[in-house]
Chemist: 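Below is one structure. I have some questions about it.
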2 protein chains.
Amino acid sequence: MKPQYAVGALSALAHPGRLEIFRLLVRAGPEGVAAGEIARATGSLANTLSANLSVLAGAGLIGSRREGRSIIYSAAYERMRELLAFLMEDCCGGNAEICAPLAAIAERAACCASSTMRSSGTA
Amino acid sequence: MKPQYAVGALSALAHPGRLEIFRLLVRAGPEGVAAGEIARATGSLANTLSANLSVLAGAGLIGSRREGRSIIYSAAYERMRELLAFLMEDCCGGNAEICAPLAAIAERAACCASSTMRSSGTA
DNA sequence: TCAATATTTCGAGAATTCTAGAATAGTCAA
DNA sequence: TTGACTATTCTAGAATTCTCGAAATATTGA
């Protein structure tokens with residue numbers, strides 16, 4: 001990911017309303033949520049919400065599809081992964097021996113820790 | 001991590017100069033880098049750099065310590081891990097195949113979480 | 001076609017952020 | 001103390017972002 005795209009993505013998320021929207025979509029999963037339902041869930045005005053969705057979409061963090069009268073928005077998980085990977089690229093100069101002993105601290109951060117799928121070794 | 005702190009951290013990173021500084025410090029490891037060296041590496045004016053370092057420190061993303069005439073800045077890896085964990089909290093509604101790669105990234109963020117810096121003003 | 005629903009676009013004022021020059025403060029050595 | 005070095009704070013104008021009312025666009029059903 002290019003730095004300029006990362007700045008765009010971070011700028012998009014650096015806003016209380018947009019961060020709330022994005023996290024709502026991240027929790028909702030790939031099926032997504034209709035704009036109107038997002039407006040209801042966040043208490044936003046329709047035009048303000050639309051502007052914020054537009055910023056998030058412009059940053060590539062969310063996608064959309066029309067379904068009848070509604071437009072369904074969903075998180076762009078791959079883009080999100082790219083952003084997180086960018087932030088910790090070459091962390092500690094790539095010295096794995098420094099990083100390894102402390103990896104256990106973050107175990108609780110795994111969002112699907114109770115699932116059957118393990119995340120070991122996937123980077 | 002509270003949403004308002006996440007917004008603060010994301011705002012701090014949503015700036016080309018500050019993102020470059022932060023990534024430089026993430027790569028540098030726990031030992032950190034002197035402000036003057038950061039200025040040289042990024043081509044920033046001293047006062048502009050100082051303002052940007054102040055924003056990053058205020059967001060809790062970096063810490064500092066004095067060493068002689070220099071002030072050494074270093075990444076706050078634990079804070080970084082908290083931010084990444086916050087972004088993917090309750091992600092994907094149980095779809096492990098989506099979450100797994102993200103969780104692996106969050107674990108790597110803990111790689112250097114052994115800092116003993118003072119972190120200024122994050123309350 | 002007309003009306004209702006769902007969402008986006010336009011416009012402008014308020015608030016915030018960014019940058020650089022100048023001045024200030026802390027540290028060290030002689 | 002003086003002087004060199006390192007870094008921060010102050011300040012103001014320029015640029016950008018945020019928000020909401022109003023108007024416009026797109027879709028569906030009668």
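Note that the coordinates shown come from a computational prediction; the quantities given were computed from them, not determined experimentally. Every chain is numbered from 1, with letters handed out A, B, ... down the list of sequences. Every heavy atom of this structure was used, including side-chain atoms; hydrogens, water molecules and symmetry mates were not.
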Chemist: Are Glu37(A) and Arg40(A) ion-paired here, with the side-chain N under 4.0 Å from a carboxylate O?
Modeler: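 Between Arg40(A) and Glu37(A) there is no salt bridge, as every charged N stays at least 4.0 Å from the carboxylate O atoms.
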
Chemist: Between C1' on dT17(C) and CG on Leu13(B), what's the gap in Å once rounded to a whole number?
Modeler: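 Atom CG in Leu13(B) sits about 16 Å away from atom C1' in dT17(C).
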
Chemist: So, is Thr48(A) near the phosphate of dC20(D), with a side-chain N or O under 4.0 Å from OP1 or OP2?
Modeler: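 Yes, such a contact exists.
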
Chemist: If you assign Arg69(A) and Ser50(A) each to the DNA chain C nucleotide with the nearest heavy atom, which residue ends up on the more 5' nucleotide?
Modeler: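 Its nucleotide being nearer the 5' end, the pick is Arg69(A).
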
Chemist: More 5' along DNA chain D: Asn52(A) or Glu67(A), using each one's nearest nucleotide?
Modeler: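 On the 5' side of the pair lies Asn52(A).
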
Chemist: Could you state the atom-to-atom distance from CG of Leu56(B) to C1' of dC18(C) in whole Å?
Modeler: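 Going from CG in Leu56(B) over to C1' in dC18(C) covers 14 Å.
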
Chemist: At under 4.0 Å, does any side-chain N or O of Ser54(A) touch on OP1 or OP2 of dT8(C)?
Modeler: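 No, because none of the side-chain N or O atoms of Ser54(A) sits under 4.0 Å from OP1 or OP2 of dT8(C).
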
Chemist: Restricting to non-hydrogen atoms, name the atom on Ile62(B) and the atom on Ala57(B) that form the minimum distance, rounded to 0.1 Å.
Modeler: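 Heavy atoms only, the tightest pair is CG1-N, 3.6 Å.
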
Chemist: Would you kindly give the CG-to-P distance between Leu10(B) and dT17(C), to the nearest whole Å?
Modeler: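 It is 14 Å, rounded to the nearest whole Å.
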
Chemist: So, is Tyr73(B) close to the dT6(D) phosphate, meaning a side-chain N or O under 4.0 Å from OP1 or OP2?
Modeler: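 No.
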
Chemist: Once you round it to whole Å, what is the distance between C1' of dC28(C) and CZ of Arg66(B)?
Modeler: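 Spelled out: CZ on Arg66(B) to C1' on dC28(C) is 11 Å.
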
Chemist: Measuring to OP1 and OP2 of dC18(C), would you say a side-chain N or O of Arg18(B) lies under 4.0 angstrom away?
Modeler: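 For dC18(C), OP1 or OP2 has a side-chain N or O of Arg18(B) closer than 4.0 Å.
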
Chemist: Round to a whole Å and report the spacing from CG of Leu49(A) to C1' of dG21(D).
Modeler: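 Those two atoms, CG and C1', are 16 Å apart.
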
Chemist: Show the nearest heavy-atom pair for residues Leu83(B) and Met1(B), with the distance to one decimal.
Modeler: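 The pair with the smallest heavy-atom distance is CA-SD, 3.9 Å.
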
Chemist: Would you kindly give the CD1-to-P distance between Ile72(B) and dT8(D), to the nearest whole Å?
Modeler: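 The answer, rounded to whole Å, is 11 Å.
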
Chemist: Rounded to whole Å, please give me the gap between CZ in Arg65(B) and C1' in dT27(C).
Modeler: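 In whole Å, dT27(C) C1' and Arg65(B) CZ are 16 Å from each other.
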
Chemist: Just verifying a value: how many Å separate Cys91(A) SG and Arg27(B) CZ, rounded to the nearest 0.5 Å?
Modeler: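 Taking SG in Cys91(A) and CZ in Arg27(B), the distance rounds to 10.5 Å.
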
Chemist: Would you compute the distance between atom CG of Leu87(B) and atom CG of Leu13(A) and round it to the nearest 0.5 angstrom?
Modeler: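 Rounded to the nearest 0.5 Å, the CG-CG separation comes to 6.5 Å.
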
Chemist: Asn47(B) CG to dC18(C) P: how many Å, rounded?
Modeler: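 Atom CG in Asn47(B) sits about 15 Å away from atom P in dC18(C).
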
Chemist: Regarding Ala46(B), tell me which of base, sugar-phosphate or nothing describes its non-hydrogen contacts under 4.0 Å with the strands shown.
Modeler: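 The residue Ala46(B) makes base contact.
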
